[in-house]
Amino acid sequence: MSLSTQPYKGARDFYPEDMRIQKYMFSKLRNSVEKYGYQEYNAPIIEPLELYSAKSGQEIVNEQTYQFEDRGGRLVAIRPEMTPTVSRMVAAKRQELAYPARLYSIPNLWRYERPQRGRLREHWQLNVDIFGVDNISAELELIQLASELLIDLGSTSDMFEIRVNSRKLINKIMMSYLKLDDRVSHDLIKLIDRKNKLPIDKFKKELKDVVGKKFKDADSLLNINFINELPESVIDCIAARQIEDLINYLKKLGINNVVFDINLMRGFDYYTDIVFEVFDTNPKNNRSMFGGGRYDGLVGLFGVEPVATAGFGMGDVTLRNFLETNNLLPKLNPETDIIIADIGSEVLKVNEIAFKLRLNGVNVASDFTGRKIDKIIRSAVKQGVRYIVFIGQEELHSKKISLKDLETGISEQLTIDQAANRIKDRK
RNA sequence: GCGGGCUUAGCUCAGUUGGUUAGAGCGCCGGGUUGUGGUUCCGGAGGUCGUGGGUUCGAUCCCCAUAGUUCGCCCCA
C-alpha cells in the first residue's frame, strides 16, 4: 500500500506558483487595510468548543467544525471563523484597548463540509473589524474599505456590486408590519436567504406556505428596490433612515455600485443591524463574494460591558476566483533574480561570485548540475528567473561575468558590481 | 448529510462490443551542436488502467463497495 500524494480532502498544497499568488493577494490586502489604520493580530488555531456554541447557528458547531477532545479531556475545535476569537480578545482587554480599535487578520479556517467551487475545508480569510463605534460611520468606513480592496487589486467598480440591508429593518417589518411571530419570521428569513436559488414560482409557493394570508403584503414588499418604496408605517424608522444615509454617503464618496437589497439576509444569527454583501457581477462567477455587518452583542457574551462592533470577512478562494475570472492576476515572477551556472569553473569560485552578488542585495540560486548550457537555460526559463550568469574558464581569466537577460536575450560582460546594479535597476 | 457525472503515463485525453506485449499529443531525461533557450531531428524513461472485493477460463472494460474529484441539494463565514 503506497502513500497518497494528494493533500487532505478540501485542503490545498501551495507550490511556489500558488504561494506567489497568495502572497500577492495578501500583501495587497494588507496594504489596503493598513491604509485605513487597521492593525494585524493573530491567535491560536484551536479554541475551546464552547466559544462557538455560544453564538451563531448551531449547525456550524455541530456539523461543520473539526472538534476533538485533547489529552486533558478538554473539548476543543479548530477555528471555523475568526469573529468569536477576536471578540474574545477584545473582551479580555476591554479596558486597556485604544478605541476605536481597528483590527485585522488573515487566519486559516477549517470547516467540515463538502468541498465545491469556492468552498473548501481550509481557507484563509481576511477579517476586518472595528470596535467601539456605535454609528454608521463604522459601516461607511468598512464598505468604503471593502470597495477599495477590490479596486486596489485592479478591479473596476462595474465588476462588483455592494448590497446593503439591515437586520433591524427586517425585524421591524416582521414584527410591526407583517406581524409575524418569531417562529414564522425565522422561517421567512431562511426562505428569503434561498430566494435567488429558487425558481420564482416555487419561491412564491413556499412563501405562501410560510406566511399564509400575509402572502400579498410579503410578496410585494420583497420586490421593492429602494428605501422610499417601503410601506409608510416602516419608512420612518431609524433603521430605514440609516440605510438611506449610508447609501447616500457612499455615493458621495464616489461609490456608486451600492444598492439596497431587502432580500439580503446573511447566515449568521449574530448580526444585529446593518449587513452588507459584495457580489461578483461577472456572469461566469455571479455569486456572493464576501460580506459583513454589525454585531454589537458578541463582546458582551464574555461578561464584560458590550462593545459596539462591525466587521467583514473575505475568503481567499472566492477572491482568487474573482481575480481569475476577471483576468486581474498579474504575471508573478519568482523571488530569485539570477541563476548562476558553473560551466567548467571551480566550485568555490562560483560560490564566491554568488556570495558577492548576494551582498549586493541580489537573490542568487546556483546551478551546479554540470548540464549542457541549453538545458540550464531552459530550466531557468521554466522557473521564470530573468537573469542567468555563466562562469567558465573565460570568465575566470577576464575577471568579468557574462550576464544574460532572458527576456531580451542580450548578454553582457560586466563586473560583479555592475551586474548587481543592473539587476537592481530593473527590479 | 443526500443525489448525479468523472477517475487510463507528470498533464490533457483516446482505447478495448471482456482475450495474450495498453496508445497519442504535450511535458520530462539524453543525444545531433568541445560555451548560450523559448525552433527542428533522433533516442529514452515513465502506467499493479483510483483502491478492495465479486462474476468469468480470462476484467482496464461487467457488478458491488470504498476513496478522491466535480456539479447540484442541505447549509453557509
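Scope of the values below: all heavy atoms of this structure, side chains included, with no hydrogens, waters or symmetry mates. All chains are named by letter (A, B, ...) in the order of the sequence lines, taking the proteins before the strands, and each is independently numbered beginning at 1.
- Atom OG of Ser379(A) is separated from atom CD1 of Ile339(A) by 5.0 Å, given to the nearest 0.5 angstrom.
- Atom C1' of nucleotide U33(B) and atom CD1 of Ile343(A) are separated by 15 Å, given to the nearest angstrom.
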Original post:
Using Watson-Crick and G-U wobble pairs with both distances under 3.5 Å, what is the 5'-to-3' dot-bracket string of RNA chain B, with [ ] for crossing pairs and | for pairs outside the strand?
Top reply: (((((((..((((.....[...)))).(((((.......))))).....(((((..]....))))))))))))....

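- Taking atom CG on Asp374(A) and atom P on C29(B), their separation rounds to 11 Å, with Å as the unit.
- In summary, the side chains of Tyr38(A) and Glu141(A) do present a donor paired with an acceptor at a separation below 3.5 Å, with no hydrogens or angles considered.
- Using a 30° and 60° split on the angle between ring planes, Tyr66(A) and Tyr8(A) fall in the perpendicular class, above 60°.
- The CG atom of Asp405(A) sits 16 Å away from the P atom of G38(B) (whole-angstrom rounding).
- Residue Glu113(A) contributes atom CD, which lies 13 Å from atom P of C71(B) at whole-angstrom precision.
- A sub-4.0 Å separation between OP1 or OP2 of C76(B) and a side-chain N or O of Lys190(A) is present.
- Dashed line: the shortest gap from a side-chain N or O of Lys404(A) to OP1 or OP2 of U36(B) is not under 4.0 Å.
- A donor and an acceptor atom sit less than 3.5 Å apart, one in the side chain of Arg119(A) and one in the base of C75(B).
- Between Arg320(A) and Met25(A), the closest side-chain pair of non-hydrogen atoms falls below 4.5 Å.
- Side-chain atoms of Glu395(A) and base atoms of G35(B) include a donor and an acceptor less than 3.5 Å apart.
- Atom-to-atom, CZ of Phe390(A) to C1' of G37(B) comes out at 9 Å; the value is rounded to the nearest Å.
- At a cut-off of 3.5 angstrom, counting only N and O atoms as typed in the model, there is no donor on one side facing an acceptor on the other between the side-chain of Arg378(A) and the base of G27(B).
- With C1' as the reference atom, G27(B) and G38(B) are 14 Å apart, rounded to whole Å.
- Distance noted for atom C1' between G44(B) and A9(B): 14 Å (whole Å).
- Protein atom CD1 of Ile339(A) is 19 Å distant from nucleotide atom P of G35(B), rounded to whole Å.
- Summarising the geometry, the separation between CG on Leu406(A) and C1' on U36(B) is reported as 10 Å, rounded to the nearest angstrom.
- Taking the C1' atoms as reference points, C49(B) lies 16 Å from A24(B), given to the whole Å.
- Nucleotides U33(B) and C42(B) have their C1' atoms positioned 14 Å apart, rounded to a whole Å.
- G50(B) and U70(B) have their C1' atoms separated by 15 Å, with the value rounded to a whole Å.
- Taking a cutoff of 4.0 Å between a charged side-chain nitrogen and a carboxylate oxygen, Arg20(A) and Asp18(A) do not qualify as a salt bridge.
- Rounded to whole Å, the distance from CD on Gln116(A) to P on G3(B) is 16 Å.
- Scored by the ring pair (Phe, Tyr, Trp, His ring centres under 6.0 Å) test, Phe14(A) finds Trp124(A) as partners (sequence neighbours excluded).
- Ring-centre distance between Phe131(A) and Tyr99(A): not below the 6.0 Å cut-off.
- With a 6.0 Å cutoff to the six-membered ring centre and a 45° limit on the axis angle, Arg163(A) does not count as a cation-pi contact of Phe276(A).
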